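In this text the structure is predicted, and so the values were computed from the model without any measurement. Side-chain atoms are counted along with the backbone in the values below, which use heavy atoms only and exclude waters and symmetry mates. The sequence lines fix the lettering, A, B, ..., with proteins before strands; numbering per chain opens at 1.
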Amino acid sequence: MVNYKELICDILAETLTDMSREEIMGMIEIPTDEKMGDYAFPCFKLAKVLRKAPPLIAKDVAEQIKDNEIFEKVENVNAYVNMYISRANFVDGLVREVNEAGDNFGHSTIGEGKKVIVEFSSPNIAKPFHIGHIRSTVIGNSLYKIYDCLGYDTVRINHLGDYGTQFGKMISAYRRWGNREDVEREPIKTLLSYYTKFHEEAEKHPELEQEARDIFKRLEDGEPEEMELWQWFRDESLKEFTKVYKMLDIEFDSYAGESFYSDKMPRILDELNEKGLLEESRGAQIVDLEKYGMTPALVTKSDGSTLYITRDIAAAVYRKEHYDFYKNIYVVASQQNLHFQQWFKIVELLGYEWAKDCVHVPFGMVSLKDGTMSTRKGRVVFLEDVLNKAVDKTREIIEEKGVATENIDETAKQVGIGAVVFNELSNNRIKDYVFDWEKVLNFEGETGPYVQYTHARACSVLRKAGEEAVSKAEKLENFDPQVLTSDSAYELAKLIYKLPDVIVEAAGKYEPSVVTRHIVDIAQAFNRFYQHERILVEDEKELLSKLALVIAAKTAIKNGLALLGMHAPEKM
RNA sequence: GGGAGACUAGCUCAAUGGAUAGAGUCGCAGACUUCGAAUCUGUCGGUUGGGGGUUCGAAUCCCUCGUCUCUCACCA
């Protein structure tokens, strides 16, 4: 497929000899209104060099390039050169490209041979998977899909929160008030109740906190009794998490959590020591980062046990040596901005040049109407409940509509869970938001079900057209792009054309919502096309040409949804 | 108090320094005997938190003030 922007750049470069290709490329833009053309070139900046009024320059430029065959029309409006691409050629190229690429449309090889690690989800063991955890899980999974489709070699790591003082608390609580049968019957809920009780008691008896720290120290030292309990809690918790991951259709390449690095930390402490980065302060060991405008980083506690930051450094060093990553991405809440800045700086100070390849991808908080979510206070919305509710509602709608589907359960799952996932990926990551049942369960407008519905609608048209016609359309038999030059067909084609660039942009910004919004645009354009033009017409040339565009749209939507971790059912 | 981020239509959100700031939702008015109405069409809706500045041009860059969120030593 022709890269129109580059082509236009070449054409402009012939007339604008004073400017570099890069400069021209940076100035070519897509007008806000399609009535003003497909591409535009503002001439304000040329005024000084050419010593001429911008509108006059625009007029000259328009005059000089207007005869090029890729344009249907070139005109100047004030200081703008507005370029209208020849629609038939454009649509022809686009449809051929998409239909040939099929499921690979949007994919590329720009990442070939480069390894990208995405660390995401990373729930804390023995705590329920709540609506706050969905962000890292879903954003991370989508980033993995995006990098994967760009040809990068990807590794998904679930950095389980399976270590730390919290386990001291848990073990202490279990010994005081727990029993084995309850845990086995309902692990997470039971363990959580111990954890909650521990915090209640600790308020009255602060010495419990110290006891928890002591127990964690014993765990870190490998005392068998604590190790055994810890392992048991971990196994039970993982079983529960796996249930949720199955629902979301998410997998990991590694579950190496914090505990995995427990034996890799002494080395880091040694290195820090050798480089003279360690300082003792109030019995603890710190790295002073004042020079870099940050507060000191606590590396070991006064009892010698390690902290989160130490484990993250050890993990990064391990990952570099084990995977030799090109990029090491952490999808972790923005609450931890300082934490990441601190340890990225420490890794740099240790002399590791790859510190620059570590990326923190932060995201905003989820809160509830009555305040911040708090596991300790029991103020939570469980992710499993949200997913189940969405699936139930979807099933009701499907049954109500009576659209025949072979497998209602599976479709309800794909659409219901897809709705939650899509909702999660539709805004910029950094925004905080308040969880709202109504919003998650709304299936109209810019939602996942809307996009999936559009896909199903396209599939429905293709079914009605019949296998023979579809097969001909796929082979582009009797294909005539002139049929597809109406505004609605052309707008649809333009948006499909843009998808590959959008995917690259999403990867560069670590921002799946760019893809989400774009596939909404494609779906809207398809629905408009569908509304304005009859697809199943008598004339074979017209029919097959339109079917070819429908196939392209369907492919683009399906591939786009896949990047969000969503399915595209053919009936719903 | 220091640091970071957010602030755009009633609500939820878009907008590589460019043209008349766009969608969805809500409200109102329409379109199913026709390819799926989880759809489409129209309409209402704005001092882009306030104030300065830079620029031919600012929601976007700089300064300042305000509101909210997160964060700042033994949790993760």
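- Nucleic acid contact for A:Leu46: none, since no nucleic acid atom lies under 4.0 Å from a heavy atom of the residue.
- Heavy atoms of A:Gly364 sit nowhere under 4.0 angstrom from any nucleic acid atom.
- For the pair A:Leu278 CG and B:C74 P, the interatomic distance rounds to 18 Å; values are reported in whole Å.
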Test A:Phe443 against A:Tyr450 for ring-ring contact (aromatic ring centres under 6.0 Å, His included), laying out the working first.
CA-CA 7 Å; A:Phe443 295 169; A:Tyr450 170 78; over 10 Å; no
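- If A:Ser513 and A:Tyr39 are placed on RNA chain B by their nearest nucleotide, the residue sitting closer to the 5' end is A:Ser513.
- Following rounding to the nearest Å, A:Lys301 (NZ) and B:A73 (P) show an atom-to-atom distance of 15 Å.
- Using a 4.0 Å heavy-atom criterion, one finds that A:Lys45 contacts the bases of the nucleic acid, with or without backbone contacts as well.
- Taking only distance into account, the side chain of A:Ser281 meets the base of B:A73 through a donor-acceptor pair shorter than 3.5 Å.
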N/O-N/O pairs, protein side and nucleotides 21-25 of chain B side, under 3.5 Å:
unit_1 : atom_1 : unit_2   : atom_2 : d
B:A23  : O2'    : A:Glu446 : OE2    : 2.5
B:G24  : O4'    : A:Glu446 : OE1    : 3.3
B:G24  : O4'    : A:Glu446 : OE2    : 3.3
B:G24  : O2'    : A:Glu446 : N      : 3.3

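- Residue pairs satisfying the side-chain hydrogen bond (donor to acceptor under 3.5 Å, both in side chains) criterion with at least one member in residues 458-469 of chain A, sequence neighbours excluded, are absent.
- Using a 4.0 Å heavy-atom distance criterion, A:Met572 is classed as a base contact.
- Residue A:Val434 is the one, among A:Val434 and A:Asp303, whose nearest nucleotide of RNA chain B lies closer to the 5' end (criterion: closest heavy atom).
- For the salt bridge (Lys or Arg N to Asp or Glu O under 4.0 Å) test, no residue two or more places apart in sequence or in another chain qualifies with A:Asp432.
- Base orientation of B:C32: syn, the glycosidic angle falling within 90° of 0.
- To the nearest angstrom, P of B:U41 lies 9 Å from CG of A:Asn527.
- Of the candidates B:A76, B:G36, B:A19, B:A19 carries the atom nearest the A:Val77 side chain, counting heavy atoms from C-beta on.
- In this structure, NZ on A:Lys169 lies 4.0 Å from NE2 on A:His199, to the nearest 0.5 angstrom.
- Looking at residues two or more places apart in sequence or on another chain, you find a side-chain contact (heavy atoms from CB on, under 4.5 Å) between A:Ser334 and A:Asn337, A:Pro362, A:Ile430.
- A:Asn82 comes within 4.0 angstrom of a base, heavy atoms only.
- Using a 4.0 Å heavy-atom distance criterion, A:Ala40 is classed as a base contact.
- Among the protein residues, A:Ile286 comes within range of the nucleic acid bases, having at least one heavy atom under 4.0 Å from a base atom.
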Could you write out each protein N or O paired with an N or O of nucleotides 30-34 of chain B at a distance under 3.5 Å?
unit_1 : atom_1 : unit_2   : atom_2 : d
B:U34  : O2'    : A:Arg534 : NH1    : 2.9
B:U34  : O2'    : A:Arg534 : NH2    : 3.4

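- Rounded to whole Å, the distance from CD on A:Gln335 to C1' on B:C72 is 14 Å.
- The salt bridge (charged side-chain N to carboxylate O under 4.0 Å, His left out) pairs that include a residue from residues 27-49 of chain A are A:Asp38-A:Lys494, where partners are two or more places apart or lie in different chains.
- By the 4.5 Å heavy-atom criterion applied to side chains, A:Thr411 and A:Ile398 are counted as neighbours.
- Distance NE2 (A:His532) to C1' (B:C35): 15 Å, rounded to an integer number of Å.
- When rounded to the nearest whole Å, the span between CZ of A:Arg213 and P of B:A73 equals 14 Å.
- Picking from B:G36, B:C35, B:U39 the nucleotide with the shortest atom distance to the side chain of A:Tyr450 gives B:U39.
- Looking at heavy-atom distances under 4.0 Å, A:Ile125 makes no contact with the nucleic acid at all.
- Contacts classified as side-chain hydrogen bond (donor to acceptor under 3.5 Å, both in side chains) and involving residues 414-427 of chain A (residues at least two apart or in different chains) are given here: A:Arg135-A:Glu424, A:Glu410-A:Gln414, A:Glu424-A:Tyr433.
- Here A:Glu533 lies in heavy-atom contact (under 4.0 Å) with a base.
- With sequence neighbours excluded, no residue forms a side-chain contact (heavy atoms from CB on, under 4.5 Å) with A:Gln531.
- Listed pair A:Arg463 / B:C35 fails the phosphate criterion, with no side-chain N or O lying under 4.0 Å from OP1 or OP2.
- Looking at heavy-atom distances under 4.0 Å, A:Ala456 makes contact with a base.
- Note that CG of A:Leu278 is 7.5 Å distant from OG1 of A:Thr300, once rounded to the nearest 0.5 Å.
- Backbone-only engagement by A:Leu307 is indicated by non-hydrogen atom pairs under 4.0 Å involving sugar-phosphate atoms exclusively.
- Looking at heavy atoms from C-beta onward, A:Asp392 lies in side-chain contact with A:Arg395 at the 4.5 angstrom threshold.
- Checking B:A19, B:U12, B:G36 against the side-chain heavy atoms of A:Lys571 singles out B:G36 as nearest.
- By the 30° and 60° cut-offs, the orientation of the rings of A:Phe526 relative to A:Tyr530 is tilted.
- Every side-chain contact (heavy atoms from CB on, under 4.5 Å) that A:Val359 has, sequence neighbours left out, goes to A:Lys327, A:Ile329, A:Val361, A:Tyr510.
- Looking at heavy-atom distances under 4.0 Å, A:Phe44 makes contact with a base.
- Contacts of A:Gly164 with the nucleic acid, taken as non-hydrogen atoms under 4.0 Å apart, involve only primed sugar atoms and P, OP1 or OP2.
- Ring-plane geometry between A:Tyr4 and A:Tyr39 is classed as parallel, the angle between the planes falling under 30 degrees on a 0 to 90 degree scale with a further cut at 60.
- Nearest approach of A:Thr306 to A:Phe216, heavy atoms of both residues: O-CE2, 4.2 Å.
- Distance CZ (A:Phe443) to P (B:U39): 12 Å, rounded to an integer number of Å.
- Rounded to whole Å, the distance from CD on A:Glu211 to P on B:C75 is 14 Å.
- A:Asn427 has no side-chain polar atom (N or O) that falls below the 4.0 Å cut-off from OP1 or OP2 of B:U12.
- Looking at residues two or more places apart in sequence or on another chain, you find a side-chain contact (heavy atoms from CB on, under 4.5 Å) between A:Glu540 and A:Lys472, A:Asn478, A:Leu544.
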Can you give the dot-bracket line for RNA chain B, where a pair is Watson-Crick or G-U wobble with both atom distances under 3.5 Å, crossing pairs use [ ], and | marks a partner on another strand?
(((((((..((((....[...)))).(((((.......))))).....(((((..]....))))))))))))....
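- The main-chain N or O of A:Ser121 is found under 3.5 Å from a side-chain atom of A:Ser136 such that the two form a donor-acceptor pair.
- At a cut-off of 3.5 angstrom, the base of B:C74 holds at least one donor-acceptor pair with the side chain of A:Ser302.
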Polar pairs (N or O, both sides) under 3.5 Å between protein and nucleotides 1-9 of chain B?
unit_1 : atom_1 : unit_2   : atom_2 : d
B:C7   : OP1    : A:Lys431 : NZ     : 2.7

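- Residue A:Pro54 is classed as having no contact, given no heavy-atom separation below 4.0 Å to the nucleic acid.
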